[in-house]
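All remarks here apply to the structure that follows.
Side-chain atoms are counted along with the backbone in the values below, which use heavy atoms only and exclude waters and symmetry mates.
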Amino acid sequence: MTPIKKKYETDRLILKICERRDAPLVQSFYERNLYDFSKYEPLPAAEAHTLAFHERCMDFESDAFKQGKMVRFFIFPKDNPMQIVGTVSYRNIRQAFYGCCEVGYKIDMAYRRRGYAHEAIGFTNSLVQKNYGLHRIEALVMTDNTASISLLEGLGFQREGLLRDKLCLKGTWYDHYMYSKIFND
C-alpha cells in the first residue's frame, strides 16, 4: 500500500487534504452553499458560519486521517486553485474483515453538472480502495436526490436497498437508498 498524499491532480481538478490553515476557504465553501447542503444533512447552521467551527472540523479530520479512519479531499478546479468547489470524503474506514468505508460528497451549487464530482470520486475511489485494501465502498442517498443517484450509478455503484427513516432533518425522518461499489466485480 502506498500512503495517501496530501495533494493529487486529475485532468481538470486539484484534490487536496486541507488543514487548519485552510479553514477560511472551507468556511467560504459552506457559507455559499449552506442552505442547499442543509437539505441533505444536519448542519449546525449558526455554528457553520464561524471560522472556529471549521477549524475544529479540520482538526478532527486531521486526527481521523492520521488514525486511518477517514480522509477528505477538497476539490479545486485547476483554473481557480484558491476556491473550493466540492468535497469527497471517505469515513468509517474499516479494514481487515470488513474492508469497507462510506463515501460522501458535496459540490458547490455554481459548479454542478460539470462532471467534477464524477472525476473526483472516480479518482479517489480507486486511490482509497488501493491504499486501505478495501473491498467495498458504501453510499447513502436520499430517495429524491436524482442527481446523486445518477452520479453513483454512473460510477458503478449498485442500489442494495432502502433504509427507512435513516436521517432526521428539521424534525422529519427521511428514507435513504443504500448503494455500494464492490471491487473485483
Side-chain angles (χ1 to χ4, degrees), residues 1-20 22 26 29 37 40-43 57-77 84-108 111-112 114-143 145-164 166-167 174-185:
M1 288 188 266
T2 306
I4 289 182
K5 297 185 292 185
K6 297 272 184 162
K7 183 178 171 184
Y8 292 91
E9 292 189 15
T10 64
D11 289 342
R12 301 177 298 153
L13 305 174
I14 298 167
L15 305 170
K16 180 179 166 188
I17 298 173
C18 289
E19 298 174 353
R20 178 182 259 266
D22 301 305
V26 175
F29 169 66
F37 292 167
Y40 300 104
E41 64 182 84
L43 292 172
C57 289
M58 302 310 295
D59 290 344
F60 172 83
E61 291 177 5
S62 179
D63 289 343
F65 174 65
K66 290 173 188 169
Q67 295 171 24
K69 295 179 180 178
M70 175 188 181
V71 60
R72 179 187 302 275
F73 296 95
F74 286 89
I75 304 167
F76 299 80
I84 295 171
V85 299
T87 176
V88 57
S89 66
Y90 297 86
R91 57 194 177 276
N92 297 328
I93 298 172
R94 300 174 302 276
Q95 294 173 295
F97 302 111
Y98 291 102
C100 67
C101 71
E102 300 165 16
V103 63
Y105 44 87
K106 299 176 189 70
I107 296 292
D108 190 306
Y111 289 86
R112 293 184 184 154
R114 298 183 188 188
Y116 287 172
H118 193 279
E119 187 173 332
I121 296 167
F123 180 84
T124 56
N125 271 355
S126 177
L127 179 71
V128 169
Q129 185 268 328
K130 290 175 186 165
N131 182 269
Y132 293 104
L134 300 178
H135 176 69
R136 168 188 177 93
I137 295 179
E138 300 171 348
L140 298 177
V141 60
M142 290 176 72
T143 58
N145 191 341
T146 56
S148 193
I149 289 167
S150 179
L151 171 67
L152 289 170
E153 290 176 354
L155 287 163
F157 282 76
Q158 293 183 3
R159 187 181 304 173
E160 293 188 338
L162 177 70
L163 302 175
R164 297 179 310 123
K166 178 64 177 167
L167 178 67
Y174 291 93
D175 295 346
H176 282 66
Y177 289 127
M178 164 66 86
Y179 277 83
S180 72
K181 180 171 182 68
I182 308 288
F183 295 94
N184 302 324
D185 265 4

**Request:** Among E102, E160, E138, find the one that has a side-chain hydrogen bond (donor to acceptor under 3.5 Å, both in side chains) with S180.
**Result:**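 Of all the options given, the one that passes is E160.
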
**Request:** Taking ring pair (Phe, Tyr, Trp, His ring centres under 6.0 Å) as the test, write out the residues that go with F29, two or more places apart.
**Result:**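 Counting only residues at least two positions away or on another chain, F29 forms a ring pair (Phe, Tyr, Trp, His ring centres under 6.0 Å) with F37.
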
**Request:** Tell me, please, which residues at least two apart from F123 pass ring pair (Phe, Tyr, Trp, His ring centres under 6.0 Å).
**Result:**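 Only Y8 meet the ring pair (Phe, Tyr, Trp, His ring centres under 6.0 Å) criterion with F123.
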
How close do [X] and [Y] get, counting heavy atoms only, and between which atoms?
X: M58; Y: F74; answer: CE-CE1, 3.9 Å
X: I121; Y: L151; answer: CD1-CD2, 3.8 Å
X: F157; Y: V103; answer: CZ-CG1, 4.1 Å

Looking at [atom1] of [X] and [atom2] of [Y], how far apart are the two atoms once the value is rounded to the nearest 0.5 Å?
X: R114; Y: L13; atom1: CZ; atom2: CG; value: 11.0 Å
X: N131; Y: Q95; atom1: CG; atom2: CD; value: 8.0 Å
X: Y132; Y: C100; atom1: OH; atom2: SG; value: 13.5 Å
X: M70; Y: I93; atom1: CE; atom2: CD1; value: 8.5 Å
X: R94; Y: L134; atom1: CZ; atom2: CG; value: 9.5 Å

**Message:** Could you go through R164 and D175, starting from their C-alpha distance and side-chain angles, then the distance that decides it, and tell me whether this counts as salt bridge (charged side-chain N to carboxylate O under 4.0 Å, His left out)?
**Reply:** CA-CA 4 Å; R164 297 179 310 123; D175 295 346; over 6 Å; no

**Asked** Would T124 and Y90 count as a side-chain hydrogen bond (donor to acceptor under 3.5 Å, both in side chains) if you check the C-alpha gap in whole Å, the side-chain angles of each, and the deciding distance to 0.1 Å?
**Response** CA-CA 9 Å; T124 56; Y90 297 86; 2.6 Å; yes

**Prompt:** Which one of N145, L140, T143, L163 satisfies the side chain to side chain contact (heavy atoms under 4.5 Å, CB included) criterion with Y177?
**Reply:**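 Going through the options one by one, the only one that passes is T143.
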
**Request:** Kindly write out the residues that satisfy side chain to side chain donor-acceptor pair (under 3.5 Å) with Q129, not counting sequence neighbours, or none if the list is empty.
**Result:** none

**Axial cation check for Y179 ring with R159, 6.0 Å and 45° limits** =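 Not flagged: R159 not positioned over aromatic ring of Y179.
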
**Asked** Under the salt bridge (charged side-chain N to carboxylate O under 4.0 Å, His left out) criterion, do D22 and K16 qualify, and how do the steps go?
**Response** CA-CA 10 Å; D22 301 305; K16 180 179 166 188; 3.5 Å; yes

